[in-house]
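Here's the structure we're looking at; comments come further down.
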Protein chains: 2
Amino acid sequence: MKFSKELSAGYLVNHMARLFERGLAERIRPLGLTPGTFPALLELWEGDGLTQKELVERLDIEQATMANTLARMERDGLVRRQKDEADGRVQRIWLTDHARGLRDAAIEAARSVNAETMASLSAQEQRQLVALMQKIVYDDKASATPTSSE
Amino acid sequence: MKFSKELSAGYLVNHMARLFERGLAERIRPLGLTPGTFPALLELWEGDGLTQKELVERLDIEQATMANTLARMERDGLVRRQKDEADGRVQRIWLTDHARGLRDAAIEAARSVNAETMASLSAQEQRQLVALMQKIVYDDKASATPTSSE
DNA sequence: AGCACTTGCATAGCAAGCTATACAAGATTA
DNA sequence: TAATCTTGTATAGCTTGCTATGCAAGTGCT
């Protein structure tokens, strides 16, 4: 029974994800950011005051992972967590001015990482790749929310 | 300046890699395996007695990461490390009988994860995706050995 | 032989993912 | 109202990635 890593989607996607993450880490390090905070920052830059639960749902990250990421972000002066006065369990997440100020440079960094890491593909191939990945990521999530059971 | 995570290759590839990894973890847990050992196992199943350095080069993993992964694999009875008698610095990695016996089931698990995670794509789209990822992963490595600049 | 340089691996320490579990605040219900 | 269930976060402990650093074993030079 043969199995070639060069043909395995799982193997390739892991390797590819590491390439992107290394590139991003390198580029946002000067900003004092790390890759793990990026998804949360993207959401919060769109509009903060979200709860942890909202972030978890939007990013498909485990709650415990998000709690830790937010703790690091707070430690590093990127967010503040404020108790919701209506519901004492809820912590709403607010960006600091500092985090707000990093937005443009961070997004420019992400753009350039995307461009460089995909430089071996033509523009059309890049669009194809993105479209295929979207199908997997979003269809997969949909099928994880069954209509009948649960 | 807009930036949509749904269109960002870096964001998508990270998300997709987590989907594959979760699927694989679930399926190989009954075998006592974890996803991080998989690349090394694939190489060693092809032929063991490799050095740590050889694994590092073939898998594009940092040396320290590989050292830790191999230590866990040894702890879990998957490999043995034996000093090379020609060169006292080198540790050659040998699979245990137990690890050898896991091969078929593990590869079957990987195959089924690949199939299920990509189930929202047609067979042709799956081939396309793999081809595009190969271009990025292997061209990228090539271009990291520049001929002229940098 | 003795010195510095290189090479192969290990260790420390951190980020970011996961599961399992704890716990306090709300909601429900007998 | 009191007991129980649910919900939102936090914490513990693990894996897997990374950088930086240490160190012992080879290699080369003089």
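The chains referred to below are lettered A, B, ... by the order of the sequence lines, with proteins before strands, and numbering in each begins at 1. Please read all numbers here as calculations on a predicted model, not as lab measurements.
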Quiz item: Quick one: side-chain hydrogen bond (donor to acceptor under 3.5 Å, both in side chains) partners of B:E26, sequence neighbours excluded?
Solution: none
Quiz item: Who passes salt bridge (charged side-chain N to carboxylate O under 4.0 Å, His left out) against B:D76, sequence neighbours left out?
Solution: none
Quiz item: Rounded to whole angstroms, how far apart are CG on A:L55 and P on D:dT9?
Solution: 9 Å
Exercise. Enumerate the residues from residues 81-93 of chain A whose closest heavy atom to DNA chain D is under 4.0 Å, giving them by residue number; use none for an empty result.
Key: A:R81, A:R89, A:V90, A:Q91
Quiz item: Whole Å only: how far is the CG atom of A:L24 from the C1' atom of C:dA15?
Solution: 13 Å
Would you give me the side-chain donor-acceptor pairs under 3.5 Å for residues 103-110 of chain A, sequence neighbours excluded?
residue: A:R103; atom: NH2; partner: B:M1; partner atom: O; Å: 2.1

Quiz item: Which residues in residues 44-53 of chain B have at least one heavy atom lying under 4.0 Å from any atom of DNA chain C?
Solution: B:T51, B:Q52, B:K53
Quiz item: When the distance from CD of B:E54 to P of C:dG8 is rounded to whole Å, what number comes out?
Solution: 10 Å
Exercise. Check the side chains of A:Q134 and B:E6 for a donor-acceptor pair under 3.5 angstrom, ignoring hydrogens and angles.
Key: no
Tabulate protein N/O versus nucleotide N/O from nucleotides 17-21 of chain D, keeping only pairs under 3.5 Å, one per line.
residue: D:dC18; atom: OP1; partner: A:R22; partner atom: NE; Å: 3.1
residue: D:dC18; atom: OP1; partner: A:R22; partner atom: NH2; Å: 2.9
residue: D:dC18; atom: OP2; partner: B:E62; partner atom: N; Å: 3.1
residue: D:dC18; atom: OP2; partner: B:T65; partner atom: OG1; Å: 3.1

Self-check item: Side chains of B:T51 and B:D84, donor plus acceptor under 3.5 Å
Solution: no
Exercise. State which residues pass side-chain hydrogen bond (donor to acceptor under 3.5 Å, both in side chains) with A:R81; sequence neighbours excluded, sorted by chain then number.
Key: A:E74
Exercise. List in chain and number order the residues that pass salt bridge (charged side-chain N to carboxylate O under 4.0 Å, His left out) with B:E43, two or more places apart in sequence or in another chain; answer none if no residue qualifies.
Key: A:K5, B:R58
Practice problem: Quick one: list whatever passes side chain to side chain contact (heavy atoms under 4.5 Å, CB included) with B:R127, sequence neighbours left out. | Solution: B:A123, B:Q124
Exercise. May I have the distance from B:L33 (atom CG) to D:dC14 (atom C1'), rounded to whole angstrom?
Key: 16 Å
Practice problem: With sequence neighbours excluded, tell me which residues meet side-chain hydrogen bond (donor to acceptor under 3.5 Å, both in side chains) with B:R27. | Solution: B:S112, B:E116
Self-check item: Integer-rounded Å distance: C:dT7 C1' and B:E57 CD
Solution: 12 Å
Self-check item: Pairing residues for A:R18 by the salt bridge (charged side-chain N to carboxylate O under 4.0 Å, His left out) criterion, not counting sequence neighbours
Solution: none
Quiz prompt | salt bridge (Lys or Arg N to Asp or Glu O under 4.0 Å) contacts touching residues 45-55 of chain A (sequence neighbours left out) | solution = A:D48-A:R100, A:K53-A:E57
